[in-house]
Amino acid sequence: MAMAGLAVQIYNAGGFCRVVSTKPMPGTQWIRALTNVGCRVEVCIENKTILSVEDIISLIGSQCDGVIGQLTEDWGETLFAALKKAGGHAYSNMAVGYNNVDVEAATRHGIAVGNTPGVLTETTAELAAALTLSAARRVVEADDFMRAGKYEGWLPSLFVGNLLKGQTLGIIGAGRIGTAYARMMIEGFKMNVIYYDLFQSTRLENFVTAYGEFLKTQGEAPVYWQRATSPEEVLKEADVISLHPILDKTTYHLINKERLSLMKKGAVLVNASRGPVIDETALVEHLKANPMFRAGLDVFEDEPFMKPGLAELPNVVVVPHIASASKWTREGMATLAALNVAGKVKGYPVWSNPNNIAPFLDEQSQPPAACPSIVNAKALGLTVSDGSAQQKL
Ligand SMILES: NC(=O)c1ccc[n+]([C@@H]2O[C@H](COP(=O)([O-])OP(=O)(O)OC[C@H]3O[C@@H](n4cnc5c(N)ncnc54)[C@H](O)[C@@H]3O)[C@@H](O)[C@H]2O)c1
Ligand SMILES: O=C(O)[C@H](O)CO
């Protein structure tokens, strides 16, 4: 059905309030999360990858209670003013990162901003691990070589790469995903870890200490952790560096020309956070000048584009922002985003622990009567669930 110029699909047409999703999202649990509480759901099915601000204004229309949007959209003053004018009070990104959202503008308009933490942690960490292995062991280069019919037989020096076992892993941003990735690499490859974060990660430190003790009981060399006082310390010491911070003004171009020059000549740099955390032009120059340096990138500074020269370089593996792309995770992201909006529409409190969102994802039982994760809950003075309430939607 065409509405306001853009094609939409409607669920529960007689619902008491109107919620718009700017994209079709995986699974059906998210649609039920909204229709079960009486929402009419309109899903934009227009064949256009990234909707413009004008497109979204037309979807919001003159009456809209809440919107679920995507990280590719520019959720700033214009859209929040339009949503407020249409009577809306809830917006959720279908993403944990929300650097595309002007949270202050939303707060000024009294609009709650939701995100989807936790459900992408392991999936994203696994892709970072895949990029690490692909870059360190030159998997894509070797695959290209095979497909081009260039393989003439085993050679001692064919596609020699880096061994990970026992090397030093560097983590910048040791939050949920950084810690999950570190655990995979430490358990999988017995790597030592050095990390930099604004906050101490006792979870990571305790894990490494306990795992080191376990290895000793097995007669193996233990692993160690170190908390760095600067990103520079990590860059100088680590053999593999993976970036997992949020994107804000403190992390914009955190990896620049000067900091790249501190890294080991044969280091591996992985980014599955946000593109602008790396000055991509400087990275292209660094990769050209240092053929033994390798990178694995899921995200790019000017998505969907790559900086000139990157695509031609053999020492980088590039994938199109797919780190959270497992079926369970994408369906879970959609469900959490829908429950953020549904919960706000119903006037529910905010879940007390956004790091424990499992109760919202169990299809066999009703989700808790709470919004799973609202990033401006405090600024809006929203009530926080005490977690004991077993009220159901
Ligand atoms: N590529 C993808 O598909 C994908 C998927 C999921 C998340 N992400 C990105 O990963 C980010 C992290 O997700 P998360 O769930 O682990 O979030 P999180 O909040 O648990 O972790 C982020 C960490 O970054 C740290 N940090 C903030 N500023 C920093 C700075 N200046 N220097 C060093 N560390 C700093 C924080 O203290 C925190 O520990 C998201 O914000 C998102 O942008 C990308
Ligand atoms: O921030 C996020 O959730 C991701 O980038 C989605 O893949």
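Looking at residues two or more places apart in sequence or on another chain, you find a side-chain contact (heavy atoms from CB on, under 4.5 Å) between Ala13 and Ile10, Arg40.
With no hydrogens or angles considered, no side-chain donor-acceptor pair links His109 and Thr107 at under 3.5 Å. Residues Asn93 and Asn100 bring a donor and an acceptor atom of their side chains to less than 3.5 Å of each other. Under the 3.5 Å distance criterion, with hydrogens and angles disregarded, no donor-acceptor pair is assigned to the side chains of Thr209 and Asn206. With no hydrogens or angles considered, a side-chain donor-acceptor pair links Asn340 and Ser92 at under 3.5 Å. Side-chain atoms of Ser326 and Arg330 include no donor-acceptor pair closer than 3.5 Å.
Hydrophobic clustering, defined by side-chain heavy atoms of Ile, Leu, Val, Met, Phe, Trp and Tyr closer than 4.5 Å, groups Phe145 together with Met146, Tyr151, Trp154, Leu155, Leu158, Phe159. Think of Leu382 as one node in a network of Ile, Leu, Val, Met, Phe, Trp and Tyr side chains linked at under 4.5 Å; its network also takes in Val350, Ile374, Leu380.
For the pair Lys23 and Glu46, the salt-bridge criterion is not met [side-chain N within less than 4.0 Å of a carboxylate O].
The heavy-atom pair separating Ala136 from Arg294 by the smallest distance is O-NH1, 4.0 Å. The two residues Ile246 and Asp248 come nearest to each other via the heavy atoms CD1-OD2, 3.5 Å. When all heavy atoms of Ser373 and Asn115 are compared, the pair lying nearest together is OG-OD1, 2.5 Å. Taking all atoms of both residues into account, the shortest heavy-atom contact from Asn376 to Val113 is OD1-N, 2.9 Å. Among all heavy-atom pairs drawn from Val96 and Tyr98, the shortest one is O-CD2, 3.3 Å. The two residues Ala90 and Leu83 have their closest heavy-atom pair at O-CD2, 3.7 Å.
Side chain of Asp55 to backbone of Ser52: a donor-acceptor contact under 3.5 angstrom is found. The backbone N or O of Ala325 lies less than 3.5 Å from no partner atom in the side chain of Thr329, so there is not a single donor-acceptor pair. When atom types are taken as modelled, the side chain of Asn256 and the backbone of Asp279 share no donor-acceptor pair closer than 3.5 angstrom. With hydrogens and angles ignored, the 3.5 Å screen pairs a side-chain donor or acceptor of Asn12 with a backbone N or O of Cys39.
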Exercise for the section: Decide yes or no on side-chain hydrogen bond (donor to acceptor under 3.5 Å, both in side chains) for Glu233 and Thr229, but give the supporting numbers first. Expected result: CA-CA 7 Å; Glu233 216 180 315; Thr229 54; 2.9 Å; yes
Handout entry: salt bridge (Lys or Arg N to Asp or Glu O under 4.0 Å) assessment of Lys307 paired with Glu285
Key = CA-CA 11 Å; Lys307 291 289 186 195; Glu285 290 316 308; over 6 Å; no
Practice task
Would you sort out whether Glu54 and Ser58 count as a side chain to side chain contact (heavy atoms under 4.5 Å, CB included), showing the intermediate values?
Solution key: CA-CA 6 Å; Glu54 292 69 30; Ser58 77; over 6 Å; no
Practice task
List the steps and the verdict of side chain to side chain contact (heavy atoms under 4.5 Å, CB included) for Leu339 and Cys371.
Solution key: CA-CA 6 Å; Leu339 288 170; Cys371 304; over 6 Å; no
Practice task
Show the numbers, then the answer: is there a side-chain hydrogen bond (donor to acceptor under 3.5 Å, both in side chains) between Glu42 and Gln9?
Solution key: CA-CA 6 Å; Glu42 293 186 21; Gln9 185 157 354; over 6 Å; no
Practice task
Check the pair Lys327 / Glu331 against salt bridge (Lys or Arg N to Asp or Glu O under 4.0 Å), numbers first and verdict last.
Solution key: CA-CA 6 Å; Lys327 183 175 183 290; Glu331 291 185 3; 3.0 Å; yes
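Here salt bridge (Lys or Arg N to Asp or Glu O under 4.0 Å) pairs that include residues 253-266, with residues two or more places apart or in two chains, are Glu232-Arg259, Asp239-Lys264. Screening residues 126-138 for side chain to side chain donor-acceptor pair (under 3.5 Å) gives Thr132-Tyr181, Arg138-Glu141 as the qualifying pairs, with residues at least two apart or on separate chains. Pairs passing the salt bridge (Lys or Arg N to Asp or Glu O under 4.0 Å) check and including a residue from residues 167-196, sequence neighbours excluded, do not occur.
Between Lys165 and Met191 there is no side-chain heavy-atom pair separated by less than 4.5 Å. At least one side-chain heavy atom of Leu260 sits under 4.5 Å from a side-chain heavy atom of Leu283. Under the 4.5 Å side-chain criterion, counting only non-hydrogen atoms from C-beta, Leu297 is not in contact with Val319. Contact of the His244 side chain with the Ile172 side chain is not registered, since no non-hydrogen atoms from C-beta on lie closer than 4.5 Å.
Note that the CD1 atom of Ile278 and the CG atom of Leu269 stand 4.5 Å from one another [nearest 0.5 Å].
Phe293 and His286 have perpendicular rings, their planes meeting at more than 60° on a 0 to 90° scale where under 30° would count as parallel. In this pair, Tyr195 and Trp225 present their aromatic rings tilted. The plane angle is within the 30 to 60° band.
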